[in-house]
S.K.: 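For reference, the structure I am asking about is given below.
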Amino acid sequence: MPNYWLVKSEPSAYSWDDLVRDQVAEWDGVRNYTARNFMRDEMRVDDLVLFYHSASKPPAVVGVAKVARAGYPDYTAWDAASDHPDPKSTPEKPIWWMVDIAPLHPLPRPVSLEEVKRTPELSEMALVRQGRLSVQPVTEAEFKTVLSMGGAGSGEEFAFRIPSGRTGQ
DNA sequence: GCCAACGTTGGC
DNA sequence: GCCAACGTTGGC
C-alpha cells in the first residue's frame, strides 16, 4: 500500500516537463523541517505523488509522480556552490534530506488550486490549510478525488498501472 | 524559553 | 509587485 504525497515546484525553477525530460529528479533544496521529516521518515519507494505547480497561472496539480528513492541526506546542503548551501549540515551530521521523484503520467486536465478550494472533500488538504508546506501528505481519498477531477477516472487503473522499471539509483 | 525581527513562500 | 502567513533566528 503506497502512501500519498503532494510536492510543489515553481515551474520556472523546475517544471513537470523538466521532470519528464529528466525521468528522475533529486528533490533537493527543501529547507523546512516539517517537509524534511516527511522525506526522511515517511516517504517510501513507489509512494504516489501529486506534482503541483506553484507561482504559476493558475497554480495547479499537473501530474502524478512516484517516489523513486526513499529519503537520503541532501548533499547539496554541504556544497557551498549549490543553490541552497547550509554550512551547519555536514556529511557526518546531515540536517536536510531529500528523495528522488520520477514522473508517471500528466493529468489530462490540470486541477487548479481554485478548484481544490471549491471542493468540500478537499477542504482539509494541507494545500489549502497550510499554504506554504512544500512536501505534504495526502489521503487516499483526496488523491483519488484529485485524479478524478483531473480526468483520470477513479484513479484505480491510472494510479496503479505503474511502470515498475528502473528509475535511477 | 519567550518573543520580536526577519526572511521566504506563494496566492492574488 | 504586494503582502499575509508563517517558519526561523537570535537577543535577552
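Naming convention: chains lettered A, B, ... in sequence-line order (proteins, then strands); numbering from 1 in each chain.
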S.K.: Find the distance between CZ (A:Phe38) and CG (A:Asp47) and round it off to the nearest 0.5 Å.
M.R.: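 It is 12.0 Å, given to the nearest 0.5 Å.
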S.K.: Rounded to the nearest 0.5 Å, what separation is found between the CD atom of A:Glu42 and the CG atom of A:Asn3?
M.R.: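 Going from CD on A:Glu42 over to CG on A:Asn3, the span is 7.5 Å.
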S.K.: Output, in order, the C-alpha distance, side-chain angles, deciding distance and verdict of salt bridge (Lys or Arg N to Asp or Glu O under 4.0 Å) for A:Asp74 and A:Arg31.
M.R.: CA-CA 10 Å; A:Asp74 182 347; A:Arg31 300 288 180 264; 2.9 Å; yes
S.K.: Can you give me every donor-acceptor pair (side chain of residues 79-86 of chain A, partner residue at least two apart or in another chain, under 3.5 Å) with its distance?
M.R.:
residue: A:Asp79; atom: OD1; partner: A:Ala81; partner atom: N; Å: 2.9
residue: A:Ser82; atom: OG; partner: A:Thr76; partner atom: O; Å: 2.6
residue: A:Ser82; atom: OG; partner: A:Asp79; partner atom: O; Å: 3.0
residue: A:Ser82; atom: OG; partner: A:His84; partner atom: N; Å: 3.3
residue: A:Asp86; atom: OD1; partner: A:Lys88; partner atom: N; Å: 3.0
residue: A:Asp86; atom: OD2; partner: A:Trp96; partner atom: NE1; Å: 2.8

S.K.: With rounding to the nearest 0.5 Å, note down the distance linking CG in A:Leu122 to CD in A:Glu142.
M.R.: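 Those atoms lie 6.0 Å apart.
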S.K.: Please produce a list of atom pairs where a protein N or O lies less than 3.5 Å from an N or O of nucleotides 7-12 of chain B.
M.R.:
residue: B:dT8; atom: O2; partner: A:Arg132; partner atom: NH2; Å: 3.1
residue: B:dG10; atom: OP1; partner: A:Lys8; partner atom: NZ; Å: 3.2
residue: B:dG10; atom: OP1; partner: A:Arg132; partner atom: O; Å: 3.2
residue: B:dG11; atom: OP1; partner: A:Tyr52; partner atom: OH; Å: 2.7
residue: B:dG11; atom: OP2; partner: A:Ala55; partner atom: N; Å: 2.9
residue: B:dC12; atom: OP1; partner: A:Lys117; partner atom: NZ; Å: 2.8

